[in-house]
Amino acid sequence: MRSIAQHELAPDEARRFLVSHLGLARHRPKRGPTAIREMLSSLGCVQLDPLDPIGTNADLVTLARVRGAARGDVYTSLLPGHAFEHFAKERCLLPPDAFPYYRSRMVETPWWRSKERQKRIDDGLLRSVLDEVRARGPLGAKELEDRGRVVPLDWSGWKGTSSAAKMALEILWTRCEVVVTARRGKDKVYDVPERALPQHHDREPELPFDEWAIGQRVMSAGLLGESASPSWSMLRDAKKRGAVERLIEKGLIERARVGGRSSTYLAPAGFRGRAVITPDEVMRILGPLDPMLWDRALVKHAFDFEYVWEVYKPVSQRLWGWYVCPLLHRGRLVGRIDVRIEGDSLVIDRLFREKGVVLDETALHACLARHAEACGVSRVRRRRR
């Protein structure tokens, strides 16, 4: 039996490790599509969200790590051929070498109401839609032949599609029989994997899905809380099947505690021996679903920063604002900003400085100017209140 050590980290050690490990200490050395593809490979996944006040979450994740990137580059650099979309930490962009693992698991589809969808769509209709995509693709859902209507899903007030063809397409996507190959505004474009991911679609997985996926999630999070962390998402059953202990026993991941708390975290093997990169002078706007912010309790403990994404809260319950993003500077979370694109301007609605922090105004101005340029607008202005 392997002797398994448990590491004890001070909060500032955890903070420095996370900033370095998650690529937020310095911009990547390369630029352009190559840098974005390397970023995705390093992070393991980039969480998607359709809201786009200053770039989508995927844009913000990219802009914080890749110098010279612009709004939308993350999609055009990765799709098609260099990524696919699926459920990891919710819906994410994933590197293409992950596709064989997700395809091998799709027969189960235990998430995203798959069984409810399959009750509404028969196998013949599924084959018909797949044949159409194979013959005519890439295709958006609106380009499919009309195949009638179905009862839509009602998910806590969220209404799904009533189009039988589109629901069939969603089932095929969940099964990895089609993949997202591009985006046209908010609409997704689908194709068959043999065209969209020609080098990966027929490879066989090298590891059991549970062990591979948990290992990847640990890399993506840096420190993955073992308790009821939202970072587990669709991997909760994998955790119950003993994959964590097997990975620890094999020496592929390690356990750690932070600041004497009883909560335990999973970390990449040998993480204490890795060189920690000293942060540069660049201030960064973090997306609300950046991997560094997944575990809000850990952010509170390691960064002394309490962050709640209030986008789905009623206005009366918001403390900060609709789409407020944290500001990272010199490895610390120093404030938060409520900002949006209006016309030709990046408009600051509100700026919050953390208590006891003297915000570097020069770094802030440079950050906002850089972000305005990335979003294709020419001015930065502060709304008068």
Side-chain angles (χ1 to χ4, degrees), residues 8-27 53-54 57 60-61 63-65 221-223 225 229-231 256-263 265 276-311 313 315-340 346-372 380-385:
E8 295 286 342
L9 293 174
D12 64 327
E13 286 184 287
R15 173 179 55 77
R16 290 194 296 268
F17 167 70
L18 287 170
V19 170
S20 179
H21 175 77
L22 296 174
L24 289 167
R26 296 180 180 271
H27 284 117
I54 53 169
N57 182 73
L60 295 173
V61 168
L63 297 179
R65 292 166 172 84
L223 292 170
S229 168
S231 304
R257 295 183 189 271
V258 177
R261 299 177 71 206
S262 59
S263 303
Y265 297 88
V276 174
I277 300 170
T278 302
D280 58 22
E281 294 296 314
V282 175
M283 187 176 290
R284 292 164 169 82
I285 299 173
L286 296 188
L289 301 172
D290 192 284
M292 203 179 78
L293 301 173
W294 284 353
D295 190 330
R296 304 291 162 77
L298 178 59
V299 170
K300 171 65 176 169
H301 195 52
F303 291 83
D304 193 23
F305 187 91
E306 192 161 355
Y307 181 64
V308 177
W309 194 31
E310 298 180 320
V311 69
K313 282 191 172 186
V315 174
S316 61
Q317 296 179 19
R318 293 174 186 159
L319 294 175
W320 307 103
W322 177 67
Y323 201 91
V324 171
C325 296
L327 295 170
L328 179 74
H329 191 216
R330 301 186 186 118
R332 296 182 180 274
L333 293 169
V334 296
R336 56 197 92 202
I337 193 165
D338 187 1
V339 62
R340 67 194 68 219
L346 183 70
V347 179
I348 305 166
D349 283 334
R350 288 178 295 179
L351 173 67
F352 304 92
R353 295 166 173 82
E354 281 298 282
K355 185 177 180 180
V357 171
V358 178
L359 207 60
D360 186 322
E361 295 292 336
T362 300
L364 175 64
H365 293 326
C367 170
L368 295 172
R370 188 174 61 251
H371 199 91
V380 176
R381 61 185 177 89
R382 186 167 297 184
R383 191 184 301 281
R384 293 182 180 180
R385 304 187 68 83

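Heavy atoms only: backbone and side chains are in, while hydrogens, waters and symmetry mates are out.
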Closest non-hydrogen atom pair, [X] against [Y]:
X	Y	answer
P326	L333	CB-CD2, 4.0 Å
E310	L319	OE2-N, 2.7 Å
P291	V61	CD-CG2, 4.4 Å
N57	L289	OD1-N, 2.8 Å
E8	E13	O-OE1, 4.1 Å
G331	V19	O-CG2, 3.8 Å

Determine whether [X] and [Y] make a side-chain contact, defined as any pair of heavy atoms from C-beta on separated by less than 4.5 Å.
X	Y	answer
I337	R350	no
I277	R16	no
I348	L346	no
R370	V282	yes
L9	L223	yes
V311	P288	no
R340	D349	yes
I54	H371	yes

Could you go step by step and tell me if V258 and L298 meet the side-chain contact (heavy atoms from CB on, under 4.5 Å) rule?
CA-CA 8 Å; V258 177; L298 178 59; 4.2 Å; yes

Salt bridge (charged side-chain N to carboxylate O under 4.0 Å, His left out) contacts touching residues 318-327 (sequence neighbours left out):
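Listed once each, the pairs would be none.
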
Holding to ring pair (Phe, Tyr, Trp, His ring centres under 6.0 Å), I want the full list of residues that pass it with [X], two or more places apart in sequence or in another chain.
X	result
H21	F17
F352	W320
Y323	W309

Donor-acceptor contacts under 3.5 Å from residues 355-366 side chains, at least two apart:
{"from": "D360", "atom 1": "OD1", "to": "T362", "atom 2": "N", "distance (Å)": "3.1"}
{"from": "D360", "atom 1": "OD1", "to": "A363", "atom 2": "N", "distance (Å)": "3.0"}
{"from": "D360", "atom 1": "OD2", "to": "R330", "atom 2": "NH2", "distance (Å)": "2.9"}
{"from": "E361", "atom 1": "OE2", "to": "R353", "atom 2": "NH2", "distance (Å)": "2.6"}

Which distance, rounded to the nearest 0.5 Å, do you find between the [atom1] of [X] and the [atom2] of [Y]?
X	Y	atom1	atom2	value
I285	C325	CD1	SG	7.0 Å
L22	W294	CG	CH2	8.5 Å
R382	L368	CZ	CG	8.0 Å

Determine, step by step, whether V299 and L18 satisfy the side-chain contact (heavy atoms from CB on, under 4.5 Å) criterion, reporting the C-alpha distance in whole Å, the side-chain angles of both residues, the deciding distance to 0.1 Å, and the verdict.
CA-CA 10 Å; V299 170; L18 287 170; over 6 Å; no

Check for a donor-acceptor pair, side chain of H329 on one end and backbone N or O of E281 on the other, with a separation under 3.5 Å.
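Present.
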
Within the side chain of S20, is there an N or O that forms a donor-acceptor pair under 3.5 Å with the backbone of V276?
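Not a single qualifying donor-acceptor pair exists.
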
Which residue is it: R284, R296, R65? I am looking for the one with a salt bridge (Lys or Arg N to Asp or Glu O under 4.0 Å) to D290.
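The salt bridge (Lys or Arg N to Asp or Glu O under 4.0 Å) with D290 is passed solely by R65 among R284, R296, R65.
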
Assess whether atom CZ of R332 is packed by more than 12 heavy atoms of other residues, nucleotides or ligands within 6.0 Å.
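Incorrect, the count does not exceed 12.
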
Under the rule for side-chain hydrogen bond (donor to acceptor under 3.5 Å, both in side chains), what residues qualify as partners of R15, not counting sequence neighbours?
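side-chain hydrogen bond (donor to acceptor under 3.5 Å, both in side chains) list for R15, sorted by chain: empty.
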
Do NZ/NE/NH1/NH2 and the carboxylate oxygens of R336 and D338 come within less than 4.0 Å?
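Judged by the 4.0 Å cut-off on N to carboxylate O distance, R336 and D338 do not form a salt bridge.
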
